[in-house]
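Naming convention: chains lettered A, B, ... in sequence-line order (proteins, then strands); numbering from 1 in each chain. Quantities reported herein were computed from a predicted structural model and do not represent experimental measurements.
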2 protein chains.
Amino acid sequence: MNTTERVLDAAEYRMRRGGYNAVSFRDLANDTGIKSSSVHYHFPHKEDLGVALVERYAQRFFDVLENASRKAETPKQKIQAFRSVYRMALSDDDAICLCGLLGAEMAGLPGKLVTAVQSFFDANVKWVEQALPETLSKSDRRKWSTSMVATHQGAMMLATSMGDTKLFDTITKHMVDLSTGQG
Amino acid sequence: MNTTERVLDAAEYRMRRGGYNAVSFRDLANDTGIKSSSVHYHFPHKEDLGVALVERYAQRFFDVLENASRKAETPKQKIQAFRSVYRMALSDDDAICLCGLLGAEMAGLPGKLVTAVQSFFDANVKWVEQALPETLSKSDRRKWSTSMVATHQGAMMLATSMGDTKLFDTITKHMVDLSTGQG
DNA sequence: GTCTATAATTTGATAGAC
DNA sequence: GTCTATCAAATTATAGAC
């Protein structure tokens, strides 16, 4: 794998655990086996690194989501695909969503990062909206899609905080059940 | 007001915006009009400061919640009181919940802070559980209470990230409606 | 309780050689 | 692309005077 990607891997690991300010060029250098000045070659400023990281994260997220929902035909199946992608992000990496963490730190982040995180959430909400039954009103779709994103993000945070991954399962299943009329 | 409280005020303001690592002794000293060594007199280590801050935050939160739910008789009224306390924390201070932010950074926080944040969430979940109708099964009460906390935390984060406080209102009203059979 | 002074470490960042 | 060398600033923290 090329160095830029390896730096991003190290940065993602650290940032999804401690946040933006918990990542330093020196840590990334040690993680990657190069010097901090070489990390600066790939990402001159920390803000650049953050933006590249969020963009890669978003790209991957929607790639996986696209794939997971490929065979989904009903709204219910699509929502379940959405849930499964969040679930994988949580248990595969044993960390919360990068944008969930950065979203919490939003007021302390550099401008370009704020925009990138907002784009992720915007696309998230739009995706769920599009997946919901067309029979619902526009405003009902908004209500459900924003609630769905908020609940999934909150569930990740709460489950990780309490050290109980099952909490994520309980909460998000409940939400999906409610949205598909099983609650 | 005494200096310890003024330091905590400054710390809360900063930490609820940028997170644990966005707060420095020197910033707090400047905010409070004393020197950083004097801040250390009140809180020898940063971890102490963080714990004291979370404990004060939790105390105030439940004091306000107690007061807001004092006249509430029905489960619905109690849940609405819960929602209103989160809403006030968001709009009065124009920041998300201290523990919501620290919960997101959990994996990067010192041990005593982790415990303090967990206690806050634990008490949150228990409070909602206790407020729900006794007619519900124990497991249903758990499902609803954890979902309620997750959704409120997620809604705060999402609303702040998108710069749209109304998003919090829409999402949490939807959730409360669902829980009280209005959805 | 607050100050001055200071230490040890970390941080984001740059210049210039190879 | 990576290195050595270096920097200025910031960070947590302590010693000791007042």
Side-chain angles (χ1 to χ4, degrees), chain A residues 1-56 98 101-102 105-114 116-117, chain B residues 1-54 56 98 101-102 105-114 116:
Chain A
M1 207 194 317
N2 71 65
T3 310
T4 304
E5 290 295 309
R6 284 179 32 243
V7 169
L8 287 173
D9 286 347
E12 182 173 332
Y13 184 91
R14 289 181 179 277
M15 210 174 282
R16 283 177 69 181
R17 280 161 186 81
Y20 185 73
N21 293 314
V23 175
S24 84
F25 280 84
R26 248 153 181 107
D27 287 337
L28 300 181
N30 291 336
D31 293 344
T32 322
I34 58 177
K35 296 294 170 182
S36 74
S37 55
S38 301
V39 178
H40 276 285
Y41 168 81
H42 297 278
F43 304 101
H45 306 280
K46 197 176 176 184
E47 185 170 5
D48 307 325
L49 170 68
V51 171
L53 193 52
V54 169
E55 282 173 353
R56 190 185 75 159
L98 174 66
L101 206 161
L102 295 181
E105 294 177 336
M106 210 65 153
L109 297 179
K112 287 177 191 168
L113 247 188
V114 170
V117 173
Chain B
M1 208 192 319
N2 70 63
T3 310
T4 303
E5 290 294 310
R6 284 180 30 243
V7 170
L8 286 174
D9 286 347
E12 182 174 332
Y13 184 91
R14 290 181 179 277
M15 210 174 282
R16 282 177 71 181
R17 279 160 186 83
Y20 185 72
N21 293 313
V23 175
S24 84
F25 281 84
R26 251 164 179 93
D27 287 337
L28 300 181
N30 291 336
D31 293 345
T32 321
I34 58 177
K35 296 294 170 181
S36 74
S37 56
S38 300
V39 178
H40 276 283
Y41 168 79
H42 297 277
F43 304 100
H45 306 282
K46 197 176 174 182
E47 185 170 4
D48 306 325
L49 170 68
V51 171
L53 192 52
V54 169
R56 191 185 74 160
L98 174 66
L101 205 162
L102 295 180
E105 294 177 336
M106 211 66 153
L109 297 179
K112 286 177 192 168
L113 247 188
V114 170

(request) Find the distance A:Leu49:CG to C:dT11:P and express it as a whole number of Å. (result) 14 Å
(request) Note the angle between the end axes of the helix from C:dG1-D:dC18 to C:dC18-D:dG1, five pairs defining each, rounded to 10 degrees. (result) 10°
(message) Given A:Leu113, which partner from the list A:Asp48, A:Leu102, A:Leu53 fulfils the side chain to side chain contact (heavy atoms under 4.5 Å, CB included) test?
(response) A:Leu102
(message) For A:His40, give me all partners under ring pair (Phe, Tyr, Trp, His ring centres under 6.0 Å), at least two apart in sequence or on another chain.
(response) A:Phe25
(request) Between protein and nucleotides 1-12 of chain D, map the contacts as a letter string: B base, S sugar-phosphate only, - none, heavy atoms under 4.0 Å, written 5' to 3'. (result) BBBBBB----BB
(message) Among residues at least two apart in sequence or on other chains, which ones pass side chain to side chain donor-acceptor pair (under 3.5 Å) with B:Glu5?
(response) B:Arg56
(message) Please enumerate all residues that pass side-chain contact (heavy atoms from CB on, under 4.5 Å) together with A:Ala29, with sequence neighbours excluded.
(response) A:Ser36, A:Val39
(request) Using the test side-chain contact (heavy atoms from CB on, under 4.5 Å), find all partners of B:Ala52 that sit at least two apart in sequence or belong to another chain. (result) B:Leu8, B:Phe43
(request) State which residues pass ring pair (Phe, Tyr, Trp, His ring centres under 6.0 Å) with B:Tyr13; sequence neighbours excluded, sorted by chain then number. (result) none
(message) Whole angstroms only, please: what is the CG-P distance between A:Leu28 and C:dT10?
(response) 15 Å
(message) Could you work out, with side chain to side chain donor-acceptor pair (under 3.5 Å) as the rule, every residue matching A:Asp27, not counting sequence neighbours?
(response) A:Ser24
(message) If the condition is side chain to side chain donor-acceptor pair (under 3.5 Å), which residues does B:Thr4 pass it with, not counting sequence neighbours?
(response) B:His42
